[in-house]
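Bear in mind the structure is a predicted one, so any value in this text is a computation, not a measurement.
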Amino acid sequence: MASTLTKPAPPPAASAAVRRRTRVLALPEARWALAALMLFLLGLPPALLGAPAWVWGTLFAATYVTGGWEPAWEGLKALRNRTLDVDLLMVVAALGAAAIGQVLDGALLIVIFATSGALEAVATARTADSVRGLLDLAPTTATRLLPDGTEESVATGSLVIGDVVVIRPGERVGADGRVLAGASEVDQATITGEPLPVLKETGDEVFAGTLNGTGALKVEVARDASDSVIARIVRMVEEASETKAPTQLFIEKVERRYSLGMVAATPAVFLIPLAFGSDPTSSLLRAMTFMIVASPCAVVLATMPPLLSALANAGRHGVLVKSAVVMERLGQVDAVALDKTGTLTEGTPRVTTVRTLAGREGGERGRDEDEHECRPVGDTDGPGGDLRGPDEDRVLALAAAAEHPSEHPLARAVVLAAHARGHRLAPAEEFGSTPGVGVTAVVDGDTVEVGAPARLLSGSEDALSVRAATVSAALEAEGRTAVLVKVNGVPAGVLGIADRLRPDATATVAALTRLTGTAPTLLTGDNPRAAARLAAEVGITDVRAGLLPQDKVAVVREQEGAGRRVLVIGDGVNDAPALAAAHTGIAMGRAGSDLALETADAVIVRDELATVPTVVALSRRARTLVVQNLVVAGVFITGLVLWDLVGTLPLPLGVLGHEGSTVLVGLNGLRLLREAAWRRAAVAATG
């Protein structure tokens, strides 16, 4: 039962859709770094002014503890696993400086190192915030309807399949399910990206986290909370946070060997000058400085910040990239294969053409819905030369009225087209449906038949039937599905129904062609005629039609066998094998099947196809920043090590140079978090 309340409930749940930002001081790394900084700043003036050692010494000791205990603990855990961590090397260097009387220098090292770690933690948290803003939508409680008609408030996590929940005006939907009763417009832009609320009636699917409008709905839960659309996306993001790019993994391997070599070289840096008569204190200070400046912190930090920042930026714009691995690989693609239905097209059949078979002057007229104009289709005369049949609006209205009780996708397309023209549908009586043929109904006293031309015209050879068959064949030759409308046994019109091309499809194909240097390939199970027509519209010349899922995989492997790195974009179950076989796979999120969403490496949540070339360009920008960071880190480490070995590098200057390069490469990577980075990537993609 639909209902509308005069005073809609206030929408406090709407605040759940607001992207939350982690407070800096909510991070333990930031709190410890701040404590270390404050203690250091308190101890610095007494130390510089010659106050008693116990005054500033106590403050510096507290600095060592607050800023160094966490990296020391992590380093010891790594050491227990037989790996040498840079964190432990930094702490050892600081303690070594204190042991030779350089307490202030050691404290400065701890503060800089703790601050660097805090910046990295903040960057990671903000990355998670950016993606979680798309996901943290579902309410925590829902109103469950009990069998006796009473209601109870329960946690959404406790809902099970088959439960019935009540969603009142202004509330957020608590679980994925189907509407049992009621009608309301639901804002599901957070899930599908649709700009306008969508009418939800009995039988319609609703998603957890979407915002109900002014009506009340009873919804039967269709998925457990752990299997909802939001939950699946959350799992993707969790996988992203646990995965590292191949470059990062390589650097970590190099880091371990490099660190062992550095530890082995540090005693030599101490002992060799000592053997030649150098002062023990200056030799130890040189060795401590060497261990600090030679540490590969900046190299390690060179890779992940650009990739994670690009991942977060893409997430804010509706492209959920599952991992930094995928973000890196997106920039490597040099060939693209596109599915047709639901990818290049909207995936929903729509009435594109209305043709009447008898006009007021005996002529055949029609309206092409795509061009919004009336035009003659042919010169014909009706029986007797002057048949006054219904015009295109009347044909569409009668067809929609007859199709209204039907659940067939084409029937829904006809009804939607009639509503779009503002027709008020008359009630259909004596409705009947025959699978494979069509429907019949009595509308305003007229018997209306709507269905397949071949079936409805079977055995008819009169002039109107021949004309109807000709028009139907012409529409089908254009790649459309023809639907015949008969009124009182006489062919009155033909409707052309087709899946409409996405508005951004042509621009996306052009941008992908520019980025990869080759036009994409169209992979579809549709008939070659329809595929060729659509491919010509968007500028694709390589068309593979009538393919089974294994055929799509074969095409992908054929291209990869030729040395190409193929990006596959699809949405259906039949696309999942190709998505898995490709170098990188992207699924359309709005209508994508569960299997496609799980198999793909990235998901376009808002179904904005134009974001694909933008995210590819953003990935390439991230790879450029990784190279920049590695060069900067290498130059700093080489210069500081040579200075320390050849000359005399002051420990504070070495600390500043080393940690400064680490902060520099980190901040350079974080540039991709900015909105301007996405805009520049979009410009680079379109040229």
Trainee: Taking all non-hydrogen atoms of both residues, which atom of Val173 and which atom of Phe207 are closest, and how far apart?
Mentor: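 Reported closest heavy-atom pair: CB-O, 3.4 Å.
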Trainee: Would you say the side-chain atoms of Ser619 pair up with the backbone N or O of Met327, donor to acceptor, closer than 3.5 Å?
Mentor: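 Yes.
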Trainee: Main chain of Gly585, side chain of Asp601: is a donor-acceptor contact present, judged purely on distance under 3.5 Å?
Mentor: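 Side chain of Asp601 to backbone of Gly585: a pair is present.
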Trainee: So Trp69 and Trp32, would you call those rings parallel, tilted or perpendicular, with 30° and 60° as cut-offs?
Mentor: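 Trp69 vs Trp32 ring planes: perpendicular.
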Trainee: In chain order, what residues pass the salt bridge (charged side-chain N to carboxylate O under 4.0 Å, His left out) check against Arg564, with sequence neighbours excluded?
Mentor: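 Counting only residues at least two positions away or on another chain, Arg564 forms a salt bridge (charged side-chain N to carboxylate O under 4.0 Å, His left out) with Asp334.
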Trainee: Can you tell me if CZ on Arg31 sees more than 12 non-hydrogen neighbours from other groups inside 6.0 Å?
Mentor: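 More than 12 within 6.0 Å, yes.
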Trainee: Ignoring hydrogens and geometry, is there a side-chain-to-backbone donor-acceptor pair from Arg223 to Ile161 under 3.5 Å?
Mentor: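 No.
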Trainee: In residues 36-58, what donor-acceptor pairs under 3.5 Å come from side-chain atoms, sequence neighbours left out?
Mentor:
residue, atom, partner, partner atom, Å
Trp56, NE1, Ala51, O, 3.1
Trp56, NE1, Pro52, O, 3.4
Thr58, OG1, Trp54, O, 2.6

Trainee: Of all heavy-atom pairs between Val568 and Leu579, which one has the smallest distance, and what is that distance?
Mentor: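 So the two residues come closest at O-CD2, 3.4 Å.
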Trainee: Leu664 versus Val632: any side-chain heavy-atom pair under 4.5 Å?
Mentor: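 SC-SC contact between Leu664 and Val632 confirmed.
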Trainee: Check for a donor-acceptor pair, side chain of Thr516 on one end and backbone N or O of Leu512 on the other, with a separation under 3.5 Å.
Mentor: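 It does hold such a pair.
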Trainee: If you round to the nearest 0.5 Å, how far is CD1 of Ile569 from OG1 of Thr584?
Mentor: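 Answer rounded to 0.5 Å: 10.5 Å.
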Trainee: Can you tell me if Asp176 uses its side chain to pair, donor with acceptor, with the backbone of Ala208 under 3.5 Å?
Mentor: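 Yes; at least one donor-acceptor contact below 3.5 Å.
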Trainee: Using modelled atom types only, decide if a donor and an acceptor are shared between the side chain of Ser158 and the backbone of Ala155 within a distance under 3.5 Å.
Mentor: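 Yes, the answer is positive, given that a donor and an acceptor are paired below the 3.5 Å cut-off.
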Trainee: Applying side-chain contact (heavy atoms from CB on, under 4.5 Å), can you list everything that pairs with Gln628, at least two apart in sequence or on another chain?
Mentor: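 Checked Gln628 against side-chain contact (heavy atoms from CB on, under 4.5 Å); matches are Arg621, Thr624, Leu625, Asn668, Arg671.
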Trainee: Taking Leu673's backbone N and O only, do any of them form a donor-acceptor pair with Arg316's side chain (distance below 3.5 Å, no angle check)?
Mentor: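 Indeed, once roles are kept as given, a pair shorter than 3.5 Å links the two residues.
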